[in-house]
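Right, one structure below, let's go through it.
Naming: A, B, ... by sequence-line order, numbering from 1 per chain. Keep in mind that the numbers below use all heavy atoms, side chains included, and drop hydrogens, waters and symmetry copies.
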Amino acid sequence: MKATRDSFGEEVAALGEKNSAIVVLDADLAKSTKSEKFAKKFPNRFFEMGIAEANMIGTAAGLALSGKIPFACSFGCFITGRYDQIRMSVSYNRANVKIIGTHSGVSIGEDGHSQMGLEDVAVLRSLPEFTIYQPADDEETKQIIRAAVELDGPCYIRLTRQKVPNLFKSDYQFQTGKWAKLSEGKSIALIGTGGLVGACVEANEKVGKKFTVVNASTIKPVDKKMIEELASSHDWLVTAEDHYVTGGLGSAVAEVMSEISTKARLYRIGVETFGESGSPEDVIKHFKLDAAGVAEHLSKISKLS
Amino acid sequence: MQTQSSKPENISSQKLINDDATAKRLRAVILKMIHAGKSGHPGGSFSCLEIIMTLFGDILRFDAKNPEWDERDRFILSKGHGVPALYAVLAECGFFPKDWLLTLRQLGSPLQGHPDRLRIPATEAATGSLGQGLSIAQGMAMAGKMDKKDFRVYCVMGDGEIQEGQVWEAAMSAPKFKLDNLTAIIDFNHGQIDGTSDEVMSLDPLADKWKAFNWNVVEVQGHDRKELRKILPTRVSGKPTLVIAHTIKGKGISFMEKIIDWHGVAPNDEQLAKALKELES
């Protein structure tokens with residue numbers, strides 16, 4: 001078990017040694033986003049921008065336009081809240097900025113709604129030529145950080161505060177835009193992203209591994225081929241994310257399904273109301289985003305079909 | 001692309017002659033561009049023209065044939081709506097053919113209504129959503145420091161523009177990073193869409209605000225090229241410089257000067273003829 005923000009912190013600090021173009025910016029949350037690991041190792045390539053995310057994003061764009069590979073880090077809600085700066089300074093300039101949004105979803109628990117990134121994917125998914133990643137575990141996070149450095153263009157990487165189970169071994173090979181099947185089954189294809197992948201795997205185990213489970217770690221571009229294949233071989237596609245169902249992974253899958261000829265139906269697991277304070281366990285349970293919650297949704301689906 | 005007849009590689013880099021005659025000629029070009037494009041911002045283009053002419057004519061190091069030359073000085077027009085002035089100067093310097101100018105704002109033209117770095121690399125950054133250019137300029141200045149390069153970064157902002165909060169975030173951070181290779185210039189023309197900047201959201205005391213943020217603050221008459229030539233390269237060690245350029249919105253055309261309504265409208269045929277006549281006299 002490891003939080004994907006920790007995996008990010010370790011990997012970006014490791015990459016900093018190999019690639020001197022990598023710089024990191026944070027907005028007074030380095031201890032939480034884990035960018036502090038890079039800061040300690042490379043103090044001259046780390047920029048503490050204070051509680052001023054708009055300026056941080058613009059500064060990152062300027063660094064990128066001068067050949068640096070900046071990682072701009074904050075909580076997902078705060079950093080994508082500066083949408084206009086991402087839209088103009090980063091996206092339209094095709095500035096090679098890697099935006100790190102940690103503390104995604106309701107799973108952060110106690111801090112409550114104001115600190116929860118719940119619409120970060122929705123807002124950034126609208127931008128052309130913008131890649132959105134959401135890794136499911138430690139190994140995948142590290143591979144995605146490396147892929148982001150290789151990628152010549154802006155991207156957003158959505159990370160968890162909470163620990164998530166290890167799903168992949170070091171022989172796993174992440175590819176941008178390609179989703180991985182974690183198990184093959186019939187009738188229902190569970191498409192999870194981020195912290196929900198572990199919950200999907202566990203829920204599927206509870207029912208004897210009879211369903212297909214897919215890890216959607218690139219949310220933009222979605223794996224259209226995989227969605228088409230799943231839709232042609234399953235009755236239900238079920239998306240699961242710790243994000244609003246509006247505009248997130250569920251919407252992305254709906255968009256693809258609405259444009260292909262398929263009898264498969266879509267069921268979206270996610271968040272539809274404002275967040276709540278509580279212990280992470282209680283909050284995740286409340287929003288039915290744990291394995292038991294996913295299993296409950298699955299039994300509901302079996303009654304629908 | 002309608003009239004993009006010349007290819008960029010067929011033109012040569014040339015020095016902009018920073019004199020009265022060029023200023024008059026470029027004002028005429030800017031008006032013709034905005035007239036042809038049937039929209040644009042004459043008032044704010046004219047207020048910053050001498051600043052941009054002086055930078056490109058006498059101060060900035062650049063290679064028009066290689067706009068992405070690593071050692072170049074950077075210029076960002078954060079008040080992106082003033083871009084007709086920048087386009088006119090860039091064409092004059094040979095960054096792109098002059099016959100592109102009259103395609104301003106037309107479908108397919110590289111001369112977008114606001115700067116687009118990918119279409120015109122010499123603009124350095126897409127701007128026009130106000131308040132963002134200084135942060136980008138700051139990032140460039142930081143990269144210059146990291147790489148121990150001696151290029152300088154200049155950023156022109158509108159006075160109305162600095163009502164944006166992001167400008168003050170950058171105002172706070174540039175001194176922290178001791179960016180003495182960064183110069184911000186405020187085109188203080190006192191005009192914005194809804195009225196004078198003094199009415200809409202007063203900036204006073206402007207110099208004191210920036211001094212309090214630890215900038216090296218200097219003031220200049222923004223249409224006096226001789227003074228601009230002297231003041232714009234000013235720098236002090238360890239601090240960014242802020243130049244308050246006192247300018248006149250619509251400068252150079254009698255019926256446009258200080259008239260807020262000329263912020264963002266194109267002249268009609270008659271107004272164009274009248275203005276061109278004034279510029280010829």
Side-chain angles (χ1 to χ4, degrees), chain A residues 16 19-28 42-72 74 78-79 81-99 127-129 152-154, chain B residues 67-74 76 78 80 112 114-149 151 153 155 157 164-179 181-182:
Chain A
N19 191 333
S20 62
I22 295 175
V23 297
V24 175
L25 302 89
D26 209 307
D28 197 36
F42 305 103
N44 298 328
R45 284 152 60 193
F46 175 82
F47 302 107
E48 175 55 77
M49 302 304 295
I51 309 168
E53 296 81 10
N55 183 45
M56 173 173 73
I57 293 165
T59 304
L63 285 158
L65 295 177
S66 310
K68 303 295 173 200
I69 304 174
F71 281 78
S74 183
F78 304 141
I79 201 158
R82 276 59 180 178
Y83 175 73
D84 187 24
Q85 284 72 27
I86 298 176
R87 174 187 82 93
M88 276 298 298
S89 294
V90 175
S91 165
Y92 190 42
N93 276 321
R94 275 66 140 202
N96 192 21
V97 177
K98 317 303 171 188
I99 297 174
L127 297 170
E129 300 173 36
D152 183 19
Chain B
E68 290 172 270
W69 175 44
D70 235 22
E71 311 295 322
R72 73 192 184 279
D73 293 320
R74 274 77 169 161
I76 293 178
S78 189
Q112 297 288 295
H114 292 76
D116 175 6
R117 184 187 76 86
L118 270 84
R119 289 180 168 97
I120 304 290
T123 60
E124 300 288 351
T127 56
S129 180
L130 295 175
Q132 300 193 23
L134 186 56
S135 301
I136 299 174
Q138 165 174 261
M140 291 175 172
M142 285 158 74
K145 288 265 176 199
M146 284 179 77
D147 295 341
K148 301 196 168 37
K149 297 207 163 159
F151 67 74
V153 187
C155 175
M157 296 182 286
E164 287 281 1
Q166 187 184 349
V167 172
W168 299 98
E169 294 182 2
M172 213 183 300
S173 61
K176 166 181 168 172
F177 297 111
K178 303 186 168 46
L179 300 176
N181 53 349
L182 174 66

To the nearest 0.5 Å, what is the distance between [atom1] on [X] and [atom2] on [Y]?
X	Y	atom1	atom2	value
B/Met172	A/Met49	CE	CE	11.0 Å
B/Leu130	A/Met88	CG	CE	9.5 Å
B/Met146	A/Ser20	CE	OG	8.0 Å
A/Ser66	B/Lys149	OG	NZ	9.0 Å

Exercise: identify the closest heavy-atom pair between [X] and [Y]:
X	Y	result
B/Leu118	A/Tyr92	CD1-O, 4.0 Å
B/Ala125	A/Leu65	CB-CD1, 4.4 Å
B/Met142	A/Leu63	CB-CD2, 4.0 Å

> Who wins among A/Gly67, A/Gly58, A/Ala60, A/Ala61 for the most heavy-atom pairs under 4.5 Å with chain B?
Replying inline: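 That would be A/Gly58.
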> Which of the residues B/Met140, B/Glu124, B/Gln132, B/Lys176 is involved in the greatest number of heavy-atom pairs with chain A at under 4.5 angstrom?
Replying inline: B/Gln132
> In terms of heavy-atom proximity below 4.5 Å to chain A, should B/Pro115 be classed as side chain, backbone, both, or neither?
Replying inline: backbone
>> What verdict does the side chain to side chain donor-acceptor pair (under 3.5 Å) test give for B/Gln138 and A/Asn55, after you've listed the backbone C-alpha separation in whole Å, the side-chain angles of each residue and the deciding distance to 0.1 Å?
In response: CA-CA 9 Å; B/Gln138 165 174 261; A/Asn55 183 45; 3.3 Å; yes
>> Is A/Glu53 close to chain B through its backbone or its side chain, or both, or neither, when contacts mean heavy atoms under 4.5 Å?
In response: backbone
> Which bit of A/Arg82 is near chain B, if near means a heavy-atom gap under 4.5 Å: side chain, backbone, both or neither?
Replying inline: neither
> Above 12 or not: heavy atoms from other molecules or residues under 6.0 Å from NZ of B/Lys178?
Replying inline: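 No.
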